[in-house]
Amino acid sequence: MFNVFVPLRGGKALLYNTLHRGLSCLNPEQVQKYRSLEQNRLCGDAAETLSMSSQGFAVPADRDELLETQKLYGQSRFNDSHLQLVVAPTLGCNFACDYCYQGLDKKHGKMTEDTRQKVLDFIDTNHKNLQSLEVHWYGGEPLNDRQSIYALSDMLIKYSTERGLRFFASMVTNGYQLTGEVARDLEKRGLAWAQVTIDGAKSIHDTRRILLSGKGTYDKIIRNLKEIVAQTNIKIVLRCNVDNRNIDQAYDLVDDLAAQGFSNSNVTIYFAPVQTMTEECLSINEFVEGKRSYAEKELKLMRYAADRGLLKFDLPGVFNSICVGVKQNGWVIDPSGNFQKCFDTVQREDLKIGDLTQSPDELANSPYLMMWRSWTPFQLPTCRSCKLLPSCGGSCAYKFIHRDKTEGDDTQLPCPSLKFSIAERLFEFAIDQGLVTHADWDPEHSKTTPEMVGPSYTQPRLDAAIAAMDKDLEGFENRAANLLARAQSDTLPESVYAKLGRSKTSLADMAERRLNTSRDARALLKSR
């Protein structure tokens, strides 16, 4: 059910399985055999059938691929051996970007020593099965509070070393303060990669990503990148935020990066559409590219960058987009020690889950946390029928849970751009691998279509998704109500209390809290 079939000229085709990541270029005879398999018949050639089965293109008729995929998804999402922390030591920033989803009026406070200790205490008290620990430094601009990054890194590395945990770190930064010296200090503290944003060549970037003083930042960032490449092994992922004000000039950035010597180095680039994700950035909605239009322009930019050694086409991963928001062992921590479940809400104290002083049992009383944890693409009709489900994992849960805070295409189309360009991307990868030539592309029949990948979200389908989420929360509410009733009527066997390690009174209290939480979560969801 996860095969993407891309017709090519001459009766050939590309065939890609999004779950097993198998890719083949089929000749006309193989296309006919595959069509026979699609109709649940053997293709007449046992070796050919075996080959298609090994790549995931063919499975036994009685095999439930969707259930197997859901189990694989659960193994990643609910893995309690890995802890992912997104830590914002400050929300303050030295830049004044007009499209910032945190807004321009940011709090400039920094993380205290007491809060840093509480981070460590929370890990030690509540996560006993860890094998690895990942920290992603975030902000605002995280390097505005370098002291906290260094201090907390040293604490977490010491803790990990003493317990035999694998530790690694990453960072999102505007790059202005990421000099070679700072990069060396961070590399010693486990930093493996950093995302640095550049929005175009100097003439464009210096109108969009400026200091609070209004001064441009391009030259300083380029100098820093050169130092990092020369002095460290840190991987730099350049993010180019694009909207209809700069997307056509992004080619100039690629040319300049190549001229500056970054081709085929540890610097790569990707392009990201500016989106009206929060209420703080709705003012730039008029500049946002439409999702389908963006997908087409993005592909051209990717090809241009790949030809200049700044990007490599690859096959989509499997559940790479399971973000901190939906992971059971994933938390976003703000400078005050509050918990969030999403990068996009870190500035909103009213959307917090709780704080570092609370146990997981206490945090579970948050209706916002219940919404995040109840969300899954496998309960959403449109996602369940999509062949790209293993590739995108339902994309961005925020766009469902907080859909009232987005505008434009992001409300109507939660799907990533891959949904509208998968055929073209597979073809570009196949070109680079020597599997096809440009002459194989059929402009009329090869391009991505809904029939190829599955239906996209529309307002009615999004409404159906929200209804499915509500139904899941209703089930939780009913189970909590049943448990409360049985606890209050004393009809539960003693073995239940023993297994849960709770008295009759504490179990009833817990059930009542869960009941109220689920009702609050449903009310919040319906208000969206």
Side-chain angles (χ1 to χ4, degrees), residues 78-92 102 106-163 165 167-172 189-190 323-373 510 513-514 517 520-521:
F78 302 109
N79 176 16
D80 67 354
S81 68
H82 177 71
L83 176 61
Q84 182 180 5
L85 297 179
V86 175
V87 181
T90 179
L91 296 180
Q102 294 178 0
K106 299 181 179 69
K107 297 179 180 178
H108 289 269
K110 298 180 179 180
M111 187 171 281
T112 65
E113 182 179 352
D114 179 63
T115 300
R116 295 195 292 268
Q117 182 60 48
K118 286 178 180 176
V119 173
L120 189 63
D121 292 343
F122 178 80
I123 298 171
D124 187 51
T125 302
N126 301 301
H127 299 84
K128 300 300 184 184
N129 299 320
L130 290 185
Q131 297 177 14
S132 57
L133 173 60
E134 173 187 359
V135 175
H136 186 72
W137 301 109
Y138 189 60
E141 169 50 47
L143 291 176
N144 274 14
D145 187 11
R146 206 181 315 161
Q147 177 185 358
S148 287
I149 294 176
Y150 290 173
L152 186 52
S153 292
D154 292 343
M155 294 165 66
L156 295 176
I157 290 172
K158 181 175 183 293
Y159 179 87
S160 299
T161 301
E162 291 172 350
R163 288 156 181 79
L165 307 180
F167 176 86
F168 57 98
S170 55
M171 176 180 288
V172 170
R189 292 170 168 87
C323 72
V324 65
V326 298
K327 282 190 175 180
Q328 180 170 280
N329 257 17
W331 302 98
V332 179
I333 304 173
D334 75 10
S336 300
N338 294 319
F339 280 128
Q340 299 276 354
K341 284 300 286 178
C342 181
F343 290 75
D344 295 337
T345 65
V346 69
Q347 76 282 5
R348 292 287 299 271
E349 190 165 344
D350 58 318
L351 299 179
K352 72 178 183 180
I353 303 301
D355 61 57
L356 285 163
T357 66
Q358 296 175 284
S359 68
D361 192 47
E362 292 172 315
L363 293 170
N365 295 324
S366 165
Y368 285 116
L369 180 58
M370 180 171 286
M371 282 199 293
W372 281 99
R373 287 189 168 172
M510 182 200 75
R513 290 196 302 272
R514 297 293 189 271
T517 301
D520 290 343

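Taking the side chain as every heavy atom from C-beta outward, V119 and L85 approach each other to under 4.5 Å. Contact of the V135 side chain with the F168 side chain is not registered, since no non-hydrogen atoms from C-beta on lie closer than 4.5 Å. Inter-residue side-chain proximity for L165 and S132 is flagged as unmet; no heavy-atom pair is nearer than 4.5 Å. Contact of the K341 side chain with the V326 side chain is not registered, since no non-hydrogen atoms from C-beta on lie closer than 4.5 Å. Two residues are said to be in side-chain contact when any heavy atoms from C-beta on lie closer than 4.5 Å; L120 and Q117 meet this criterion. Proximity of I353 to S366: side-chain heavy atoms (C-beta onward) are separated by under 4.5 Å at one or more points.
Remark: F339 engages F122, W331 in a ring-ring contact (aromatic ring centres under 6.0 Å, His included) (not counting sequence neighbours). When the side-chain hydrogen bond (donor to acceptor under 3.5 Å, both in side chains) test is applied to S160, no partner is found at least two apart in sequence or on another chain. Judged as a side-chain hydrogen bond (donor to acceptor under 3.5 Å, both in side chains), and not counting sequence neighbours, K110 has no contacts. Legend: residues meeting salt bridge (charged side-chain N to carboxylate O under 4.0 Å, His left out) with K327, ordered by chain and number and at least two apart, are absent. Partners of S170 according to the side-chain hydrogen bond (donor to acceptor under 3.5 Å, both in side chains) rule, which considers only residues two or more places apart in sequence or in another chain, are H136.
Across every non-hydrogen atom of N79 and N329, the tightest pair is O-CB, 3.9 Å. Minimum interatomic distance between P142 and P89 (heavy atoms only, all atoms of both residues): O-CG, 3.8 Å. Taking both residues in full, the closest heavy atoms of L351 and Q340 are given as O-OE1, 3.2 Å, listed atom of the first, atom of the second, then distance. Of all non-hydrogen atoms in V346 and G139, the two that sit nearest each other are CG1-O, 4.2 Å. Taking every heavy atom of both residues into account, D350 and Y368 meet most closely at O-CE1, 3.7 Å. Taking all atoms of both residues into account, the shortest heavy-atom contact from D80 to L130 is O-CD2, 3.7 Å.
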Tell me, with the steps shown, if D355 and T357 meet side chain to side chain donor-acceptor pair (under 3.5 Å).
CA-CA 6 Å; D355 61 57; T357 66; 2.3 Å; yes

Begin with the C-alpha distance, continue with both residues' side-chain angles, and end with the deciding distance and a verdict on side-chain contact (heavy atoms from CB on, under 4.5 Å) for M111 and V87.
CA-CA 10 Å; M111 187 171 281; V87 181; 3.9 Å; yes

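Atom CG of L83 sits about 5.5 Å away from atom CD1 of I123, to the nearest 0.5 Å. Considering CZ of R513 and CG of D520, their distance stands at 13.5 Å, rounded to 0.5 Å. Residue K128 holds its NZ atom at 8.0 Å from CZ of R163, rounded to the nearest 0.5 Å. To the nearest 0.5 Å, the span separating NE2 on H82 from CG on L133 amounts to 8.0 Å.
At distances below 3.5 Å, at least one donor-acceptor pair connects side-chain atoms of S359 with backbone N or O atoms of E362.
Remark: of the listed residues D114, D121, T115, D114 is the sole one forming a side chain to side chain donor-acceptor pair (under 3.5 Å) with K118.
Under 4.0 Å is where a charged nitrogen must lie from a carboxylate oxygen, and between D361 and R514 at least one such pair does.
Among residues at least two apart or in separate chains, salt bridge (charged side-chain N to carboxylate O under 4.0 Å, His left out) pairs with a member in residues 134-155 are D154-R189.
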